[in-house]
2 protein chains.
Amino acid sequence: MTGPVGIREVAARAQVSVGTVSNVLNKPELVSARTLELVQATMDELGFVRNDLARQLRMGGGTTLGMIVLNVANPFWAELAHACEAAAETHGHTVIFGSSDQLDGREDRYIDLFEEQRVRGMLIAPLDGATERMNRLTRRGMPLVLFDIHAADGDVCSVALDGDVGGYLAVKHLLDTGRRRVAFLGGPLHQVEDRWKGALRAIDEVDGATLTHFDTADQTIADGRAMGDLIAGLPGDSRPDAIFGANDLLALGAMQSLVLADGVHVPRDIAIVGYDDIDYAASAIVPLTTIHQPREALATEAVRLVLDHAANGGVHEHEHLLLPPRLIVRASTAR
Amino acid sequence: MTGPVGIREVAARAQVSVGTVSNVLNKPELVSARTLELVQATMDELGFVRNDLARQLRMGGGTTLGMIVLNVANPFWAELAHACEAAAETHGHTVIFGSSDQLDGREDRYIDLFEEQRVRGMLIAPLDGATERMNRLTRRGMPLVLFDIHAADGDVCSVALDGDVGGYLAVKHLLDTGRRRVAFLGGPLHQVEDRWKGALRAIDEVDGATLTHFDTADQTIADGRAMGDLIAGLPGDSRPDAIFGANDLLALGAMQSLVLADGVHVPRDIAIVGYDDIDYAASAIVPLTTIHQPREALATEAVRLVLDHAANGGVHEHEHLLLPPRLIVRASTAR
DNA sequence: AGTCACTTTTGAAACGATTCACGATCCCCT
DNA sequence: AGGGGATCGTGAATCGTTTCAAAAGTGACT
């Protein structure tokens, strides 16, 4: 059992100085070919593994980003986290995650943790807009990017998907295919306000079209099913002929319920549009028309912003990106 | 803009030594009440945040665990990761994640990364059993726990769910409810061998019962749908009257396909059992009977083992836990 | 005043890497 | 032979903590 092998042990064994070993690791072009090979051989022989803690300490904080998502149980966030990890990797950075599970306490705890870890920056999907806490963070110089929120006023960067446009596209599509009585599934309303407004904008463009809000406490499949049951039970003439779910889980839940209901056919009697384009959307019972959120772009941009801020703290201008969503037409809204 | 504030700045401002400040942080009981309060006030005033990198460096590796999951896109792994995070938290540890996405390269890269980060131990869901790489890790003293694999021979700990029992329970239940021609959905076979064997064991107990293997390349909803279509198309008398999916996604996919098929009713004509009890299982079109894997127990035990190994490296005996799964009966197998 | 036991506080030495101002070599050219 | 420029290699200082032996302070008792 050999003791811990550090850069010093390697140096001693290879008969060079620690500085040279360090150069082999970080600036190989400064080292002659012979020494390079010698040192690398010695490293292999001794099974040297660079201690990243020491490295980061010396370099003043590291190549790590912290990310807080709302809820890993929601595929959208899981997929986004995954995309961010990939994006960070292309810049040679690592991401550590925390799931706030919609609890204030956990959000704060992760922020503390990330600060202690001296992360290079944070990517946060905030529970309720930018908190005072977060503003203080940026003021102290911590690069911060908020997801999915229009913090156009706060002094932080944000990357959001244009919910207004998304809502508009979804409902416009329903109207274009001849539907007129649209049900909007989702809540709490302030969390999905943009999508609602966009939906309303589309409705206003067509005479005789109506939009009804069906409020849900959460946004799970179960909530969707409950609403689906409700809608299926409505008398034929007041029953909507289209449903717009504020997220795919709601839409899928409603779809499940309707497909089983007697005398209701999807999409013939009721068309359905979801939101997020999670992986399951395409493989639903009736493949779900939905609004695709460009997750990769979102992730790429968020990572770009946070690293830019980290690199050029001085000249960094806060940006507020609003990415356009895209309509994906599938069977659930066929005529 | 004040410079970086470290333990030294706090000490200077509060007119005490750095040792005292450190004690306030780590062993408050050694510090007199007055000094404690003074130092804490100073910390607040200066906005001190402990540098965990330095802390961990000094303490020789940290309070961090590394976890590699097969695929975050699969809810089972996402939920397990989440459970491990929670379990580690109760021991004051943090978990950093990596998703191998079923690629050898990524698995190795994460192992390297974790080693450089000097994690306290690793939790790995391996692609293909314990690799030589992993054995070498343990030999060098890295605490390691493998998931869901019977590495009874390798010199590492493992925590697995008893797939044999799970398969047995699932098929026994189908037989108990009168079904006789059972289809086993899943593949590649070596990855689900235990479940298959358990299923076979149940079949052998009943005269006239048969088990047919329907191989799938992957284990997604889409694969399940494809198999469902296939099965729905079989002539009535050779068509199975029950399906056992090697995971919930397969079972759900098959269910979706069958529910839409003319003249096939679930569970009347074909009963379905899944495996994993992911969150969506309960809220499927027809709530899915499934084998519940005790995720929390799995996570708790895995974390316990890895930390035990880390704490008592010397006297640590490798354990190979096999946790019993549980049958959850829902509508998809009603008589 | 001196001793003893006990509680607090001190400050220098790690932990393992990176940095950087210098010194050492080597090669070519006049 | 000597000067000039690259090219390589050196090693002490440093990052911000924790640790720990020893010093200092505090009371009580002889």
Peer 1: What verdict does the side chain to side chain contact (heavy atoms under 4.5 Å, CB included) test give for H309(A) and L144(A), after you've listed the backbone C-alpha separation in whole Å, the side-chain angles of each residue and the deciding distance to 0.1 Å?
Peer 2: CA-CA 8 Å; H309(A) 187 164; L144(A) 194 58; 6.0 Å; no
Peer 1: Quick one, E301(B) and E319(B) - any side-chain contact, counting heavy atoms below 4.5 Å?
Peer 2: no
Peer 1: With a 4.0 Å cut-off, would you call R133(B) and E107(B) a salt bridge?
Peer 2: no
Peer 1: Under 4.0 Å: is that the gap between some side-chain N or O of S32(A) and OP1 or OP2 of dG9(D)?
Peer 2: yes
Peer 1: Run the side chain to side chain contact (heavy atoms under 4.5 Å, CB included) test on L307(B) and L65(B) for me, step by step, so that the C-alpha distance in whole Å, both residues' side-chain angles and the decisive distance to 0.1 Å come before the verdict.
Peer 2: CA-CA 9 Å; L307(B) 290 185; L65(B) 298 176; 4.1 Å; yes
Peer 1: Kindly list each side-chain donor-acceptor pair under 3.5 angstrom involving residues 27-40 of chain A, sequence neighbours excluded, with atom names and distances?
Peer 2:
from	atom 1	to	atom 2	distance (Å)
S32(A)	OG	T35(A)	N	3.4
S32(A)	OG	T35(A)	OG1	2.5

Peer 1: Checking side chain to side chain donor-acceptor pair (under 3.5 Å) for the pair S158(A)/H320(A): CA distance, chi angles, key distance, verdict?
Peer 2: CA-CA 5 Å; S158(A) 67; H320(A) 303 283; 3.0 Å; yes
Peer 1: Between the two ends of the helix from dA1(C)-dT30(D) to dT30(C)-dA1(D), what is the bend in degrees, rounded to 10 degrees, where each end axis spans five pairs?
Peer 2: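 About 60°, once rounded to a multiple of 10°.
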Peer 1: Can you tell me if S17(A) touches the phosphate of dG11(D), counting only side-chain N or O atoms and a distance under 4.0 Å to OP1 or OP2?
Peer 2: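 No, because none of the side-chain N or O atoms of S17(A) sits under 4.0 Å from OP1 or OP2 of dG11(D).
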Peer 1: Could you list the protein-to-nucleotides 21-27 of chain C atom pairs, N/O on both sides, closer than 3.5 Å?
Peer 2:
none

Peer 1: Atom pairs under 3.5 Å, N or O on each side, protein against nucleotides 13-17 of chain C: can you list them with distances?
Peer 2:
from	atom 1	to	atom 2	distance (Å)
dA14(C)	N3	R58(B)	NH1	3.0
dG16(C)	N7	R8(A)	NH2	3.0
dA17(C)	OP1	N51(A)	N	3.3
dA17(C)	OP2	I7(A)	N	2.3

Peer 1: Donor-acceptor pair, distance only, cut-off 3.5 Å: does the side chain of S100(B) make one with the backbone of V69(B)?
Peer 2: yes
Peer 1: Work out which heavy atom in V303(B) is nearest to a heavy atom in A87(B); give both atom names and the distance.
Peer 2: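 Result for this residue pair: CG2-CB, 3.8 Å.
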Peer 1: What's V31(B) touching, base or sugar-phosphate or nothing? Going by heavy atoms closer than 4.0 Å.
Peer 2: sugar-phosphate
Peer 1: Take a 6.0 Å sphere around CZ of R106(B) and say whether it holds more than 12 heavy atoms from other residues, nucleotides or ligands.
Peer 2: yes
Peer 1: Are R55(A) and D52(A) ion-paired here, with the side-chain N under 4.0 Å from a carboxylate O?
Peer 2: yes
Peer 1: State, yes or no, whether a side-chain contact exists between I124(B) and I111(B) at a heavy-atom distance under 4.5 Å.
Peer 2: yes
Peer 1: Side chain to side chain contact (heavy atoms under 4.5 Å, CB included) between N26(B) and R50(B): does it pass, once the steps are laid out?
Peer 2: CA-CA 11 Å; N26(B) 305 300; R50(B) 175 218 245 115; 2.8 Å; yes
Peer 1: Indicate yes or no: at least one non-hydrogen side-chain atom of V119(B) is less than 4.5 angstrom from one of M142(B).
Peer 2: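 Side-chain contact under 4.5 Å: yes.
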Peer 1: For nucleotides 20-28 of chain D, give me one character per nucleotide, 5' to 3': B if any protein heavy atom sits under 4.0 Å from the base, S if the only such contacts are to the sugar-phosphate, - if neither.
Peer 2: ---------
Peer 1: Check the distance between dG16(D)'s C1' and E115(A)'s CD and give it to me in whole angstrom.
Peer 2: 16 Å
Peer 1: Can you tell me how far P of dG16(D) sits from CD of Q56(A), to the nearest Å?
Peer 2: 14 Å
Peer 1: Counting only heavy atoms from other residues, nucleotides and ligands, does the tally under 6.0 Å from CG of D104(B) exceed 12?
Peer 2: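 Count not over threshold, so no.
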Peer 1: If you take any heavy atom closer than 4.0 Å to DNA chain C, which residues from residues 33-40 of chain B end up in contact?
Peer 2: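 By residue number: T35(B).
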Peer 1: Does R13(A) CZ have over 12 foreign heavy atoms under 6.0 Å away?
Peer 2: no
